[in-house]
Participant: 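My questions will all concern the structure given below.
All ligand and atom numbering here is 1-based and tracks the order in the structure.
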Amino acid sequence: MKIKYLLIISMMVLSGCGGTDSGVPGASTPEIIPAQTYSWRMVTTWPKNLPGMGVAPETIANMVRKMSNGRLDIKVYGAGEIVPALEVFEAVSRGAVQMGHGAAYYWKGKIPIAQFFTAVPFGLTAQEMNGWLFHGGGMELWRELYARYNLVPIAAGNTGVQMAGWFNKEIKSLEDIKGMKMRIPGLGGEVFEKAGGTAVNLPGGEIFTSLQTGVIDATEWVGPYNDLAFGLHQVAKYYYYPGWQEPGPTLEAIVNKEAYDSLPEDLREILRAAVLTVNNDLLAEYTARNNAALRELVNVHGVELRKLPDDVIKELGKISMRVTASIVDEDPLSQKIFKSYTQYRRNVIAYERVSERAYSDARALVEDGNQW
Ligand code: CA
């Protein structure tokens with residue numbers, strides 16, 4: 001059997017070497033074209049080795065390299081290495097680099113409605129965002145919006161519900177926010193301004209020093225896992241929850257349209273698959289790591305954990321509804337995105353009441369004194 005098999009192989013090879021078609025279907029050796037390789041650069045809005053989101057771009061690049069057998073090679077640059085954090089969108093849009101990783105709400109100065117693709121105060125949670133984007137029409141709208149800027153977006157991670165932030169004074173009423181300068185990006189920042197504070201949009205890498213030197217009075221960043229890594233507990237005393245401003249922010253990978261179109265279909269699919277894997281895995285990582293990091297912040301570093309008073313939450317909620325609706329302009333696409341998001345939110349909350357929330361309430365009832 002083995003000899004017969006080898007004989008067939010050598011006949012096939014010989015017929016191929018002759019450069020003539022043997023006339024037998026499937027017997028000629030297919031022409032071997034060396035696979036084209038693509039060398040890309042990905043810039044990010046994150047410090048390079050920040051746990052979770054700072055590592056995610058590397059994870060994407062490594063997966064793509066392996067899955068494509070090296071045909072698509074992406075080199076990752078952290079914030080400021082070749083492009084400043086808040087210029088990632090522009091750099092990818094004009095094709096200076098092929099790809100970027102960040103969050104859509106950083107570009108609100110240019111595209112206010114883009115904020116819906118990251119986080120809306122009192123809006124969708126991480127899993128609800130995934131539902132809207134992938135099964136509720138969200139991704140199509142996002143692609144339509146970014147096509148105007150020569151970009152292809154892919155959802156690329158989620159931190160889950162964040163923390164309200166770090167403060168050096170207690171928040172007992174909305175009065176305590178007045179005159180306060182806080183790093184708080186996106187729509188949350190606009191709500192904060194309407195509540196009497198001043199919102200600053202700083203990239204992650206500048207938060208610690210800004211808070212330490214008094215450039216800002218308070219900050220939100222992500223949650224315990226990332227905030228501990230930045231050492232924010234060294235420059236603020238009170239750690240407030242819940243993260244009303246970012247209930248489940250989606251991160252984005254953006255690809256320059258020409259670069260994306262230049263890839264053969266299999267590489268486009270490999271790229272998409274790698275990014276979507278990270279979109280899911282990042283949420284899993286934050287879910288697994290946040291709780292241990294919070295324990296360390298409280299038990300080892302003596303952080304004062306505080307819940308925002310209900311009255312403050314209610315006031316912020318009222319302002320949020322107004323501010324969120326106010327960013328919709330006369331552009332039909334902007335209106336379409338707002339309508340799609342708000343309708344989905346209404347529908348998903350109706351079921352969340354009898355599923356996730358009802359279950360959380362049920363578990364809380366039996367939690368005390370009933371630990372395994
Ligand atoms: Ca945040």
Participant: We want to know whether Gln162 and Thr159 form a side-chain donor-acceptor pair, criterion being a heavy-atom distance below 3.5 angstrom.
Facilitator: yes

Participant: Are the ring centres of Tyr286 and Tyr225 closer than 6.0 Å?
Facilitator: yes

Participant: Judged by modelled atom types alone, do Asn130 and Asn279 share a side-chain donor-acceptor pair under 3.5 Å?
Facilitator: yes

Participant: If you take the centroid of each ring, where Trp contributes its six-membered ring, are Trp132 and Phe116 closer together than 6.0 Å?
Facilitator: no

Participant: Can a donor-acceptor pair be found between the side chains of Tyr146 and Glu252 at a distance below 3.5 Å?
Facilitator: yes

Participant: Filter on ring pair (Phe, Tyr, Trp, His ring centres under 6.0 Å), then keep only pairs touching residues 54-75, sequence neighbours left out; what's left?
Facilitator: none

Participant: Number of protein N/O/S atoms less than 3.0 Å from the Ca ion (ligand 1)?
Facilitator: 5

